[in-house]
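Take a look at the structure below.
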Amino acid sequence: MKVDELPVDERIKRVIRGRGIEELYPPQAEALKSGVLEGKNLVLAIPTASGKTLVSEIVMVNKLLSEGGKAVYLVPLKALAEEKYREFKEWEVLGLRVAATTGDYDSTDEWLGRYDIIVATAEKFDSLLRHGVSWIKDVKLVVADEVHLIGSYDRGATLEMILTHMLGKAQILALSATVGNAEELAEWLDASLVVSDWRPVELRKGVFHLGQLFWEDGKIDRYPENWESLAVDAVKKGKQALVFVNTRRGAEKEAISLSSKVSKLLTKPETRRLEELISSIEDNPTTEKLKRALRGGVAFHHAGLSRTERTLIEDAFRSRTVKVIVATPTLAAGVNTPAFRVIIRDTKRYANFGWIDIPVLEIQQMMGRAGRPKYDKVGEAIIVARTEDPKKLIDKYIHGKPEKLFSMLANEQTFRSQVLALITNFGVEDFRELIEFLSRTFYAHQRGDTSSLEYKAKDIVYFLIENEFIDMDIENRFIALPFGKRTSQLYIDPLTAKKFKDAFPAIERNPNPFGIFQLLASTPDMATLTARRREMEDYLDLAYEMEEHLYSNIPYYEDSRFQGFLGQVKTAKVLLDWINEVPEARIYETYNIDPGDLYRVLELADWLMYSLIELYKLFEPKEDVLQYLRDLHLRLRHGVREELLELVKLPNIGRRRARALYNAGFRSVDDILKAKPKDLLQVEGIGLKILEGIYRHLGVEYTISEKEKPKKRKGNLYDFLK
DNA sequence: TCTCCGGACTTTTAGACAGCATGTC
DNA sequence: CTAAAAGTCCGGAGA
């Protein structure tokens, strides 16, 4: 189908042709002929990179241009929100406004009302729904990207609930990877279904075993026995490779090992670009290994890296500076990083109870990264059989069908939170209405019988009543209580809120960082670190040493919570070090964690600390305790001791600069105001830009003069420099 | 007596959403 | 119920 023939607004065609697209891919054409353009719901199940985004863009923009209102585009990751936001920005030439909103920024909900296309994570949109944002009623279209995540254990229920809320109120376009039961999903959503495995770049799949590469078409190629030769070979051909492994350690090891082989194939300019890249990376034990690998044009990519480094690597890969990335599954579902050859080293993964086969769906997503549109005619996806029987791998992953999707609504943790939200934020008045809502979910559609779900819901309702989240009047109608409503809006697990509430008296008696941090770490919303075997004794000792500061009892060795508790103690200790200004590098070493892990813990602790304070406010707070908690929150956010709190409020002053200022004798804003700029500039980390920002923040008059400007003006920064 | 090596035994293991008010080194 | 690689410990051989 030609772009010209599209039954959509001319302006849309112009923009598309502006991208150099004249002809639509067959599945795109099929999708657009399915009735979506006339407002019908659609489930589009086609491989990654086969043009789902363009379909959704056409549907969104066409709808907005003809009907007005808003379109919401849901993604599973913050990084993807960013990526889609940049892509959709292009449509602003037609007068549409695009915004992205995630937990990271732009939470002023009403402000979003000025935009036409809103990209959001599913959880963020759920949160917006809970806050009852006024513009939700203008949403005419919801695009749910990666909708197969409805089957994910911990996050699927959220997506399912959002779609249930919006079903019938807005048009729904669900974009999915190929799954075993797409038709079931389509039936639930009352949608047309377009399924296809067509790809713009041909995909060749194969299994590698002891030097033999068995292609799906029966051809066999021969290579050196070590699978690494597959990656090296790709680079020799002037291409790139993406290797998937199942552990961080594996990613690092293989990256360094491949690096020494790939380095020989690099050109001078490539080596220079890599050196440039390396010099821009911060130093710590993890990046030290990364830099070693990068010298040979190879990188590893896993959640232990900070966001900055991950993005850096992804960009460098796209620009072909980096030839090979060895990644854990972070990259499989993340931002778009296609490569000529994808090598899957592991098909098993450790998951709580032991090793499991990675689902076909996920392996197919990894394989789907093979082939760069516009650059490659064909992409190659190769599974390495190391110990596994190659025949089994071919049957399961190459010829096999992906798994069916199953509703995860019944997952206790999410369900608890969702039931609360239904009552406190979505006006569900009684049990009958609750059941009525649940009957419209995918769970109900799929299982038919909702009696076990109802039973669970009933249990949760009793839990919520018992803990004063909600109440029930004599006619058995639900009453939302402030504690419940706030819990739901803070987006924390009711169990977390209950733990907080129970701890308030103890906190009032003995407010202290360690006790509070252990409390935060003990909630289900915190991803705690794990205490390693050899560390266990140390943390147990620490717990006993700090026993009087804790708000809970130390469990016995036999207790099932014992292991978890030690992890909480470790997490609390890390947070304690953080607010005592222990340098990051030392934290990484002492606790054997990566930058990404610390970042994650801090991010969660920050959010939970805020929530703790917000909930405390509801229970006749004592002013001094409240102030104590607020200060601790600030210390947590900035990683500083109490004495730096004042300085850290200044723009661009974090834990390092604040400490430098303090140690140089500038201990307060007052000191800074009285000081000569010249002296302040002596302080490590304080340059012109920073000082300028501080003065602007404090409302001090100043101007940065060019060299030719007169140097005598009052308040001129350069006056003081002399 | 010290060092090195190998085998037996032990330990470890992917990822990442949410609030709110503005800016880390 | 299912694995595999790295780390640790210990004893024995050799210097």
Side-chain angles (χ1 to χ4, degrees), chain A residues 74-81 102-109 120-128 130-131 149 152-156 158-159 244-251 253 282-283 301-304 306-308 327-334 346-358 362 386-388 414 417 486-493 496 525 527 530 532-535 583-584 592 596-597 599-601 603-604 606-614 633 637-640 648-660 684-687 690 693 697:
Chain A
L74 301 174
V75 292
L77 301 172
K78 291 183 199 172
L80 285 173
T102 70
D104 278 351
Y105 49 84
D106 297 343
S107 73
T108 41
D109 322 332
T121 52
E123 284 77 6
K124 181 66 191 190
F125 186 66
D126 189 23
S127 164
L128 290 169
R130 290 186 190 190
H131 280 82
L149 284 174
S152 118
Y153 178 76
D154 56 335
R155 297 180 57 199
T158 311
L159 195 50
F244 285 106
V245 298
N246 64 2
T247 61
R248 288 185 188 181
R249 202 163 49 189
K253 194 199 83 177
E282 197 180 329
D283 284 311
H301 189 287
H302 59 59
S306 70
R307 293 246 169 101
T308 330
T328 56
T330 13
L331 222 55
D346 303 308
T347 54
K348 284 181 184 294
R349 170 193 306 154
Y350 184 85
N352 289 333
F353 306 110
W355 286 78
I356 53 156
D357 282 343
I358 296 175
E362 281 180 52
R386 292 195 298 169
T387 52
E388 205 79 12
T414 342
S417 174
R486 198 72 189 103
T487 297
S488 175
Q489 290 189 331
L490 289 167
Y491 217 86
I492 56 175
D493 187 331
T496 298
D525 284 309
T530 46
R532 289 185 176 72
R533 196 83 184 181
R534 54 193 309 114
E535 299 172 327
E584 283 100 312
N592 197 12
D597 303 316
Y599 178 86
R600 182 91 195 112
V601 166
E603 187 187 37
L604 287 165
D606 183 17
W607 164 49
L608 290 173
M609 191 69 208
Y610 175 84
S611 302
L612 175 81
I613 294 169
E614 286 300 300
H633 184 209
R637 173 163 293 180
H638 298 289
V640 294
V648 106
K649 284 177 187 152
L650 295 168
N652 292 310
I653 302 299
R655 62 193 317 233
R656 294 185 204 176
R657 285 175 184 148
R659 177 47 65 190
E684 202 187 332
I686 308 291
I690 302 288
H697 178 81

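All heavy atoms count here, side chains included; hydrogens, waters and symmetry mates do not. Below, chain A is the first sequence line, B the second, and so on; all start at residue 1. The shown structure was predicted, so the numbers you read here are calculated from the model rather than taken from an experiment.
When both distances must be under 3.5 Å, the Watson-Crick or G-U wobble mate of B:dG15 does not exist. As the counterpart of C:dC1, no nucleotide is assigned, since no Watson-Crick or G-U wobble pattern has both distances under 3.5 Å. In this structure, C:dT8 and B:dA8 make a Watson-Crick or G-U wobble pair, each of the two defining distances being under 3.5 angstrom.
Atom CD1 of A:I613 is separated from atom CG of A:L608 by 11.5 Å, given to the nearest 0.5 angstrom. How far OG1 of A:T328 is from NE2 of A:H301: 7.5 Å, rounded to the nearest 0.5 Å. Annotation: the span from A:T414 atom OG1 to A:D126 atom CG amounts to 10.5 Å, rounded to 0.5 Å. Here the straight-line distance linking atom CG of A:L331 with atom NE2 of A:H302 works out to 12.0 Å at 0.5 Å rounding.
Among the atoms of the strands shown, base atoms are found under 4.0 Å from some heavy atom of A:R600. Here A:L612 lies out of heavy-atom contact (under 4.0 Å) with every strand. Heavy atoms of A:G685 sit nowhere under 4.0 angstrom from any nucleic acid atom. Contacts of A:D357 with the nucleic acid, taken as non-hydrogen atoms under 4.0 Å apart, are absent. Using a 4.0 Å heavy-atom cutoff across all strands shown, A:Q489 reaches sugar-phosphate atoms only and no base atom. When heavy atoms are screened at a 4.0 angstrom cut-off, A:R349 is found touching base atoms of the nucleic acid. Among the heavy atoms of the strands, none lies under 4.0 Å from A:S611. Counting non-hydrogen atoms under 4.0 angstrom, A:T158 reaches nothing in the nucleic acid.
Rounded to a whole Å, the CZ atom of A:R307 is 15 Å from the C1' atom of B:dT24. The CG atom of A:D346 sits 9 Å away from the C1' atom of C:dA4 (whole-angstrom rounding). If you take CD1 of A:I492 and C1' of B:dA16, they are 18 Å apart, rounded to a whole angstrom. If you measure from atom CD1 of A:I356 to atom P of C:dA4, you get 15 Å, rounded to the nearest angstrom. Rounded to whole Å, atom P of B:dA14 lies 16 Å from atom NZ of A:K348. The distance from atom NE2 of A:H131 to atom P of B:dA21 is 10 Å, rounded to the nearest whole Å. Rounded to whole angstrom, the span from the CZ atom of A:R532 across to the P atom of B:dT10 amounts to 19 Å. If you take CG of A:L77 and C1' of B:dG15, they are 9 Å apart, rounded to a whole angstrom.
Across the interface with DNA chain C, nearest-nucleotide mapping of A:R386 and A:R534 shows A:R386 to be the residue nearer the 5′ end. Ranked by how close their nearest DNA chain B nucleotide is to the 5' end, A:H633 and A:V245 are led by A:V245. Residue whose closest nucleotide on DNA chain B sits further toward the 5' end, between A:R486 and A:P76: A:P76. Two residues, A:R249 and A:G354, neighbour DNA chain C, and the one matched to the more 5' nucleotide by heavy-atom proximity is A:G354.
When distances are taken from the side chain of A:K253 to each of C:dA5, B:dG23, B:dG15, the shortest belongs to C:dA5. Here B:dG15 is the nucleotide among B:dG19, C:dA6, B:dG15 with the atom lying nearest to any side-chain atom of A:T328. Looking at the side chain of A:R155, the nearest of the listed nucleotides B:dT12, B:dG15, B:dA16 is B:dA16.
With centres under 5.5 Å and a plane angle under 30° as the test, the ring of A:Y350 is not stacked against the base of B:dA14.
Environment of CD in A:E603: crowded, with over 12 heavy atoms of neighbouring residues, nucleotides or ligands closer than 6.0 Å.
Nucleotides B:dA14 and C:dA5 have their P atoms positioned 15 Å apart, rounded to a whole Å.
Within the 4.5 Å cutoff, side-chain heavy atoms of A:I686 are placed close to those of A:R657.
Looking at A:T121, A:L149, A:T158 one by one, the single match for side chain to side chain contact (heavy atoms under 4.5 Å, CB included) with A:P76 turns out to be A:L149.
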